[in-house]
Engineer: 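Questions regarding the structure given below will be posed in turn.
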2 protein chains.
Amino acid sequence: MDDVDRTLLAALQHDATQSYAALAGQVRLSTGAVHERVRKLREQGVVRRTTVDVEPAAVGRGVLAFVLVEANAWMGDHPTRDALAALPEVMEAHVIAGPASLLVKIRVGTPEQLQASLRRLFQVEGVTGTQTVVVLESFFERPLDPYP
Amino acid sequence: MDDVDRTLLAALQHDATQSYAALAGQVRLSTGAVHERVRKLREQGVVRRTTVDVEPAAVGRGVLAFVLVEANAWMGDHPTRDALAALPEVMEAHVIAGPASLLVKIRVGTPEQLQASLRRLFQVEGVTGTQTVVVLESFFERPLDPYP
DNA sequence: TATGAAATTCACTCCGT
DNA sequence: ACGGAGTGAATTTCATA
(Lines give C-alpha, C1' and ligand atoms only; values in the text may rest on other atoms or scores of the structure.)
Protein backbone atom coordinates (compact mmCIF):
# COMPACT_ATOMS: atom_id res chain seq x y z
CA MET A 1 0.00 0.00 0.00
CA ASP A 2 2.00 2.95 -1.26
CA ASP A 3 1.10 6.27 -2.81
CA VAL A 4 0.65 4.69 -6.23
CA ASP A 5 -1.96 2.32 -4.82
CA ARG A 6 -3.75 5.19 -3.12
CA THR A 7 -3.80 7.16 -6.35
CA LEU A 8 -5.23 4.15 -8.15
CA LEU A 9 -7.93 3.71 -5.50
CA ALA A 10 -8.94 7.36 -5.77
CA ALA A 11 -9.01 7.15 -9.57
CA LEU A 12 -11.08 3.95 -9.55
CA GLN A 13 -13.55 5.38 -7.06
CA HIS A 14 -14.01 8.37 -9.28
CA ASP A 15 -14.52 6.26 -12.39
CA ALA A 16 -14.11 2.51 -12.43
CA THR A 17 -14.87 2.28 -16.15
CA GLN A 18 -11.61 3.86 -17.27
CA SER A 19 -9.09 1.64 -18.99
CA TYR A 20 -5.86 0.37 -17.50
CA ALA A 21 -4.09 2.50 -20.08
CA ALA A 22 -5.77 5.62 -18.69
CA LEU A 23 -4.90 4.61 -15.12
CA ALA A 24 -1.34 3.88 -16.17
CA GLY A 25 -1.00 7.41 -17.50
CA GLN A 26 -1.99 8.88 -14.14
CA VAL A 27 0.64 6.95 -12.21
CA ARG A 28 3.34 6.81 -14.94
CA LEU A 29 3.43 3.03 -15.06
CA SER A 30 2.80 0.46 -17.78
CA THR A 31 -0.65 -1.05 -18.19
CA GLY A 32 0.73 -4.41 -17.12
CA ALA A 33 2.03 -3.03 -13.83
CA VAL A 34 -1.25 -1.27 -13.10
CA HIS A 35 -3.18 -4.42 -13.93
CA GLU A 36 -1.10 -6.37 -11.44
CA ARG A 37 -1.50 -3.75 -8.70
CA VAL A 38 -5.26 -3.57 -9.09
CA ARG A 39 -5.45 -7.37 -9.12
CA LYS A 40 -3.62 -7.48 -5.80
CA LEU A 41 -5.77 -4.76 -4.27
CA ARG A 42 -8.80 -6.90 -5.10
CA GLU A 43 -7.16 -10.07 -3.85
CA GLN A 44 -6.21 -8.44 -0.54
CA GLY A 45 -9.75 -7.18 -0.08
CA VAL A 46 -8.78 -3.51 -0.19
CA VAL A 47 -11.08 -3.25 -3.18
CA ARG A 48 -14.16 -5.16 -2.08
CA ARG A 49 -16.04 -4.95 -5.38
CA THR A 50 -16.88 -2.86 -8.40
CA THR A 51 -20.40 -1.42 -8.31
CA VAL A 52 -22.65 1.18 -9.81
CA ASP A 53 -24.09 4.07 -7.88
CA VAL A 54 -27.86 4.17 -8.35
CA GLU A 55 -29.91 7.33 -7.86
CA PRO A 56 -32.35 6.39 -5.06
CA ALA A 57 -35.21 8.60 -6.25
CA ALA A 58 -35.10 6.96 -9.68
CA VAL A 59 -35.97 3.57 -8.17
CA GLY A 60 -38.67 4.85 -5.85
CA ARG A 61 -36.57 5.24 -2.73
CA GLY A 62 -36.44 9.00 -2.36
CA VAL A 63 -37.11 9.14 1.40
CA LEU A 64 -34.10 8.79 3.68
CA ALA A 65 -34.14 8.40 7.46
CA PHE A 66 -31.84 7.36 10.28
CA VAL A 67 -33.32 5.49 13.21
CA LEU A 68 -31.81 5.08 16.66
CA VAL A 69 -33.08 1.79 18.02
CA GLU A 70 -33.35 1.23 21.77
CA ALA A 71 -33.51 -2.26 23.19
CA ASN A 72 -33.98 -4.05 26.49
CA ALA A 73 -31.20 -6.53 25.80
CA TRP A 74 -27.89 -6.78 24.04
CA MET A 75 -28.52 -6.51 20.32
CA GLY A 76 -25.04 -6.93 18.97
CA ASP A 77 -25.57 -10.50 17.92
CA HIS A 78 -26.39 -12.28 14.74
CA PRO A 79 -30.10 -12.99 15.19
CA THR A 80 -30.55 -9.21 15.35
CA ARG A 81 -28.37 -8.77 12.32
CA ASP A 82 -30.36 -11.29 10.34
CA ALA A 83 -33.68 -9.75 11.36
CA LEU A 84 -32.51 -6.37 10.09
CA ALA A 85 -30.96 -7.78 6.94
CA ALA A 86 -34.36 -9.26 6.11
CA LEU A 87 -35.77 -5.74 5.79
CA PRO A 88 -34.79 -4.53 2.31
CA GLU A 89 -35.32 -0.86 3.19
CA VAL A 90 -32.52 -1.05 5.80
CA MET A 91 -29.38 0.09 3.99
CA GLU A 92 -27.03 0.06 6.97
CA ALA A 93 -27.17 -1.30 10.51
CA HIS A 94 -24.58 -0.47 13.16
CA VAL A 95 -24.07 -1.44 16.79
CA ILE A 96 -23.34 1.78 18.64
CA ALA A 97 -22.05 3.21 21.89
CA GLY A 98 -24.28 6.02 23.01
CA PRO A 99 -27.90 6.86 23.61
CA ALA A 100 -29.26 3.73 21.94
CA SER A 101 -28.27 0.20 20.94
CA LEU A 102 -28.36 0.37 17.17
CA LEU A 103 -28.36 2.91 14.38
CA VAL A 104 -30.00 2.00 11.09
CA LYS A 105 -30.20 3.86 7.81
CA ILE A 106 -33.44 3.47 5.89
CA ARG A 107 -34.48 4.30 2.34
CA VAL A 108 -38.14 4.09 1.35
CA GLY A 109 -40.41 5.65 -1.21
CA THR A 110 -42.95 7.53 0.91
CA PRO A 111 -43.61 8.63 4.50
CA GLU A 112 -46.22 5.88 4.69
CA GLN A 113 -43.56 3.32 3.88
CA LEU A 114 -41.36 4.84 6.57
CA GLN A 115 -44.13 4.32 9.06
CA ALA A 116 -44.52 0.72 7.92
CA SER A 117 -40.78 0.23 8.27
CA LEU A 118 -40.79 1.52 11.84
CA ARG A 119 -43.58 -0.92 12.62
CA ARG A 120 -41.41 -3.74 11.33
CA LEU A 121 -38.46 -2.52 13.40
CA PHE A 122 -40.60 -2.72 16.54
CA GLN A 123 -41.37 -6.33 15.71
CA VAL A 124 -37.67 -7.22 15.91
CA GLU A 125 -36.99 -9.15 19.13
CA GLY A 126 -35.92 -6.90 22.02
CA VAL A 127 -36.72 -3.53 20.47
CA THR A 128 -38.35 -1.19 22.98
CA GLY A 129 -38.20 2.14 21.22
CA THR A 130 -37.05 4.16 18.24
CA GLN A 131 -35.97 7.72 17.58
CA THR A 132 -36.30 8.72 13.96
CA VAL A 133 -34.35 11.38 12.13
CA VAL A 134 -35.86 12.24 8.76
CA VAL A 135 -33.53 13.69 6.13
CA LEU A 136 -34.83 16.82 4.39
CA GLU A 137 -31.90 17.25 2.01
CA SER A 138 -28.64 15.40 1.50
CA PHE A 139 -25.71 17.78 1.02
CA PHE A 140 -23.48 14.98 -0.22
CA GLU A 141 -22.59 11.31 0.06
CA ARG A 142 -19.13 10.56 -1.20
CA PRO A 143 -16.57 7.76 -1.39
CA LEU A 144 -13.68 7.25 0.96
CA ASP A 145 -10.64 9.42 0.35
CA PRO A 146 -7.74 6.95 0.48
CA TYR A 147 -5.25 9.57 1.65
CA PRO A 148 -4.40 9.50 5.35
CA MET B 1 -37.83 1.55 -16.09
CA ASP B 2 -39.20 -1.96 -16.22
CA ASP B 3 -38.32 -5.22 -14.51
CA VAL B 4 -35.47 -5.87 -16.94
CA ASP B 5 -33.87 -2.55 -16.03
CA ARG B 6 -34.26 -3.32 -12.33
CA THR B 7 -32.64 -6.71 -12.80
CA LEU B 8 -29.77 -5.07 -14.66
CA LEU B 9 -29.31 -2.51 -11.88
CA ALA B 10 -29.19 -5.23 -9.25
CA ALA B 11 -26.72 -7.24 -11.30
CA LEU B 12 -24.48 -4.23 -11.91
CA GLN B 13 -24.53 -3.29 -8.24
CA HIS B 14 -23.45 -6.79 -7.35
CA ASP B 15 -20.64 -6.81 -9.92
CA ALA B 16 -20.08 -4.02 -12.39
CA THR B 17 -17.11 -5.81 -14.00
CA GLN B 18 -19.21 -8.50 -15.67
CA SER B 19 -19.49 -8.39 -19.43
CA TYR B 20 -22.55 -7.37 -21.37
CA ALA B 21 -22.76 -10.94 -22.55
CA ALA B 22 -23.05 -12.14 -18.93
CA LEU B 23 -25.70 -9.50 -18.19
CA ALA B 24 -27.56 -10.48 -21.35
CA GLY B 25 -27.74 -14.07 -20.15
CA GLN B 26 -29.42 -13.01 -16.90
CA VAL B 27 -32.20 -11.11 -18.65
CA ARG B 28 -32.48 -13.31 -21.79
CA LEU B 29 -31.63 -10.50 -24.19
CA SER B 30 -28.91 -9.90 -26.75
CA THR B 31 -25.75 -8.08 -25.77
CA GLY B 32 -26.71 -5.22 -28.07
CA ALA B 33 -30.06 -4.71 -26.34
CA VAL B 34 -28.44 -4.81 -22.90
CA HIS B 35 -25.77 -2.38 -24.01
CA GLU B 36 -28.43 0.07 -25.15
CA ARG B 37 -30.43 -0.25 -21.92
CA VAL B 38 -27.41 0.34 -19.70
CA ARG B 39 -26.38 3.29 -21.85
CA LYS B 40 -29.82 4.85 -21.33
CA LEU B 41 -29.76 4.20 -17.57
CA ARG B 42 -26.49 6.12 -17.41
CA GLU B 43 -27.77 8.88 -19.66
CA GLN B 44 -30.92 9.32 -17.56
CA GLY B 45 -28.84 9.52 -14.40
CA VAL B 46 -30.34 6.38 -12.87
CA VAL B 47 -26.80 5.02 -12.83
CA ARG B 48 -24.75 7.90 -11.49
CA ARG B 49 -21.34 6.30 -11.89
CA THR B 50 -19.28 3.15 -11.68
CA THR B 51 -17.06 2.92 -8.60
CA VAL B 52 -15.09 0.56 -6.45
CA ASP B 53 -15.94 -0.24 -2.86
CA VAL B 54 -12.87 0.29 -0.67
CA GLU B 55 -12.43 -1.39 2.71
CA PRO B 56 -12.13 1.56 5.13
CA ALA B 57 -9.82 -0.18 7.60
CA ALA B 58 -7.36 -0.94 4.79
CA VAL B 59 -6.82 2.76 4.14
CA GLY B 60 -6.57 3.80 7.78
CA ARG B 61 -10.19 4.82 8.29
CA GLY B 62 -11.44 2.09 10.61
CA VAL B 63 -13.32 4.35 13.05
CA LEU B 64 -16.91 5.23 12.13
CA ALA B 65 -19.14 7.76 13.88
CA PHE B 66 -22.35 9.66 13.29
CA VAL B 67 -22.63 13.19 14.64
CA LEU B 68 -25.82 15.15 15.25
CA VAL B 69 -24.93 18.81 14.80
CA GLU B 70 -26.93 21.51 16.58
CA ALA B 71 -26.86 25.07 15.37
CA ASN B 72 -28.15 28.53 16.31
CA ALA B 73 -29.17 29.36 12.74
CA TRP B 74 -30.49 27.70 9.62
CA MET B 75 -27.76 25.48 8.25
CA GLY B 76 -29.42 24.18 5.14
CA ASP B 77 -27.49 26.46 2.83
CA HIS B 78 -24.45 26.16 0.67
CA PRO B 79 -21.82 27.87 2.82
CA THR B 80 -22.49 25.16 5.41
CA ARG B 81 -22.33 22.52 2.73
CA ASP B 82 -19.00 23.77 1.48
CA ALA B 83 -17.53 23.98 4.98
CA LEU B 84 -18.43 20.34 5.58
CA ALA B 85 -17.27 19.21 2.15
CA ALA B 86 -13.87 20.68 2.97
CA LEU B 87 -13.47 18.12 5.75
CA PRO B 88 -12.30 14.90 4.05
CA GLU B 89 -13.34 12.71 6.99
CA VAL B 90 -17.01 13.72 6.48
CA MET B 91 -18.49 11.02 4.26
CA GLU B 92 -22.09 12.21 4.31
CA ALA B 93 -23.87 15.37 5.43
CA HIS B 94 -27.66 15.66 5.66
CA VAL B 95 -30.08 18.42 6.65
CA ILE B 96 -32.56 16.83 9.03
CA ALA B 97 -35.88 17.31 10.73
CA GLY B 98 -35.61 16.35 14.36
CA PRO B 99 -33.48 16.91 17.42
CA ALA B 100 -30.69 18.69 15.56
CA SER B 101 -29.95 20.59 12.36
CA LEU B 102 -27.55 18.28 10.58
CA LEU B 103 -26.43 14.67 10.64
CA VAL B 104 -22.94 13.85 9.42
CA LYS B 105 -21.18 10.53 8.94
CA ILE B 106 -17.48 10.50 9.74
CA ARG B 107 -14.69 8.02 9.05
CA VAL B 108 -11.31 8.47 10.70
CA GLY B 109 -8.39 6.33 11.73
CA THR B 110 -8.29 6.71 15.49
CA PRO B 111 -10.31 8.12 18.42
CA GLU B 112 -7.82 11.00 18.54
CA GLN B 113 -8.66 11.87 14.95
CA LEU B 114 -12.36 11.74 15.86
CA GLN B 115 -11.72 14.29 18.58
CA ALA B 116 -9.86 16.49 16.12
CA SER B 117 -12.73 16.18 13.67
CA LEU B 118 -15.28 17.27 16.28
CA ARG B 119 -13.10 20.26 17.00
CA ARG B 120 -13.23 21.18 13.32
CA LEU B 121 -17.01 20.74 13.26
CA PHE B 122 -17.32 23.24 16.11
CA GLN B 123 -15.39 25.74 14.03
CA VAL B 124 -18.03 25.63 11.31
CA GLU B 125 -20.08 28.85 11.39
CA GLY B 126 -23.23 28.56 13.53
CA VAL B 127 -22.48 25.23 15.21
CA THR B 128 -23.42 25.29 18.90
CA GLY B 129 -23.21 21.65 19.84
CA THR B 130 -22.69 18.05 18.78
CA GLN B 131 -23.94 14.67 19.85
CA THR B 132 -21.68 11.86 18.78
CA VAL B 133 -22.62 8.25 18.17
CA VAL B 134 -19.60 5.96 17.88
CA VAL B 135 -20.03 2.74 15.92
CA LEU B 136 -18.74 -0.37 17.65
CA GLU B 137 -19.53 -2.81 14.86
CA SER B 138 -21.20 -2.47 11.47
CA PHE B 139 -23.63 -5.30 10.78
CA PHE B 140 -23.82 -4.39 7.12
CA GLU B 141 -23.79 -1.60 4.55
CA ARG B 142 -25.39 -2.59 1.31
CA PRO B 143 -26.47 -1.14 -2.03
CA LEU B 144 -29.97 -0.07 -2.92
CA ASP B 145 -32.35 -2.85 -3.82
CA PRO B 146 -33.99 -1.59 -7.04
CA TYR B 147 -37.20 -3.52 -6.40
CA PRO B 148 -40.11 -1.51 -5.04
C1' DT C 1 7.78 -5.72 -9.19
C1' DA C 2 8.12 -3.50 -13.99
C1' DT C 3 8.06 -3.67 -19.10
C1' DG C 4 6.54 -4.74 -23.70
C1' DA C 5 4.30 -7.59 -26.79
C1' DA C 6 1.19 -11.43 -28.05
C1' DA C 7 -3.19 -13.58 -27.67
C1' DT C 8 -7.95 -13.36 -26.46
C1' DT C 9 -12.03 -11.30 -25.16
C1' DC C 10 -14.98 -7.56 -25.05
C1' DA C 11 -17.24 -2.99 -26.07
C1' DC C 12 -19.44 -0.52 -29.31
C1' DT C 13 -21.55 0.43 -33.82
C1' DC C 14 -24.30 -0.48 -37.68
C1' DC C 15 -28.00 -2.27 -40.00
C1' DG C 16 -31.95 -5.31 -40.61
C1' DT C 17 -36.33 -6.48 -38.54
C1' DA D 1 -36.72 -1.82 -29.03
C1' DC D 2 -34.27 -6.24 -30.25
C1' DG D 3 -30.84 -9.33 -32.73
C1' DG D 4 -26.64 -10.40 -35.07
C1' DA D 5 -22.32 -9.53 -37.18
C1' DG D 6 -18.02 -6.83 -37.75
C1' DT D 7 -14.18 -3.92 -36.08
C1' DG D 8 -11.35 -1.64 -33.14
C1' DA D 9 -9.92 -1.45 -28.46
C1' DA D 10 -9.46 -3.34 -24.24
C1' DT D 11 -8.15 -7.06 -20.84
C1' DT D 12 -5.19 -10.66 -19.70
C1' DT D 13 -1.15 -13.51 -19.95
C1' DC D 14 3.63 -14.28 -20.47
C1' DA D 15 8.61 -13.85 -21.31
C1' DT D 16 12.22 -11.02 -19.80
C1' DA D 17 14.82 -8.01 -16.91
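Here the structure is a predicted model, which means the values were calculated and not measured. In the text below, chain A, chain B and the rest are named by the order of the sequence lines, each starting its count at 1.
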Engineer: Among C:dT3, C:dC10, C:dT1, which nucleotide sits nearest the side chain of A:Arg37?
Structural biologist: C:dT1
Engineer: So what does the secondary structure string of DNA chain C come out as, 5' to 3', with Watson-Crick or wobble pairs under 3.5 angstrom, [ ] for crossing and | for pairs with another strand?
Structural biologist: ||||||.||||.|||||
Engineer: In whole Å, I'd like the distance from the CG atom of B:Leu23 to the P atom of C:dC12.
Structural biologist: 12 Å
Engineer: Say whether, by atom type as modelled, one donor and one acceptor occur between the side chain of B:Arg61 and the main chain of A:Asp145 under 3.5 angstrom.
Structural biologist: yes
Engineer: Is the backbone of A:Pro79 close enough, under 3.5 Å, to the side chain of A:Asp77 for a donor and an acceptor to pair up by distance?
Structural biologist: no
Engineer: Of all heavy-atom pairs between A:Val52 and B:Leu9, which one has the smallest distance, and what is that distance?
Structural biologist: CG2-O, 4.4 Å
Engineer: Whole Å only: how far is the CZ atom of B:Arg39 from the C1' atom of C:dC14?
Structural biologist: 14 Å
Engineer: Look at A:Glu92 together with B:Lys105 and state whether they make a salt bridge at an N to O cut-off of under 4.0 Å.
Structural biologist: yes
Engineer: Can you tell me the distance, in whole Å, between the CD atom of B:Glu36 and the P atom of C:dT13?
Structural biologist: 9 Å
Engineer: Considering only atom C1', compute the distance from C:dG16 to D:dG8 and round it to an integer number of Å.
Structural biologist: 22 Å
Engineer: With rounding to whole Å, what would you report as the distance between D:dT12 and C:dC12 at their P atoms?
Structural biologist: 15 Å
Engineer: On a heavy-atom basis, which atom in B:Ala100 and which in B:Ile96 lie closest, and how many Å separate them?
Structural biologist: O-CG1, 3.4 Å
Engineer: Do the non-hydrogen side-chain atoms of A:Met1 and B:Val59 ever get within less than 4.5 Å of each other?
Structural biologist: yes
Engineer: Scan A:Ser30 against the nucleic acid and name what it touches under 4.0 Å (heavy atoms): base, sugar-phosphate only, or nothing.
Structural biologist: base
Engineer: Kindly give the heavy-atom pair with the smallest separation between A:Leu64 and B:His94, and that separation in Å.
Structural biologist: CD2-CE1, 3.5 Å
Engineer: For the hydrophobic clusters of this structure (ILVMFWY residues joined by side-chain heavy atoms under 4.5 Å, transitively), does one cluster hold both B:Ile106 and B:Phe122?
Structural biologist: yes
Engineer: Quick check for you: name the first and last nucleotides of DNA chain D, 5' to 3', having an atom under 4.0 Å from a heavy atom of chain A.
Structural biologist: D:dA10 to D:dT13
Engineer: Near A:Gln26 CD, under 6.0 Å, is it more than 12 heavy atoms from other residues, nucleotides or ligands?
Structural biologist: yes
Engineer: Can you measure A:His35 atom NE2 to C:dC10 atom C1' for me and round it to whole angstrom units?
Structural biologist: 13 Å
Engineer: Which is more 5' along DNA chain D, the nucleotide nearest B:Asp2 or the one nearest A:Gln18? Just name the residue.
Structural biologist: B:Asp2
Engineer: Round to the nearest Å and state the distance from B:Leu12 atom CG to C:dA11 atom P.
Structural biologist: 11 Å
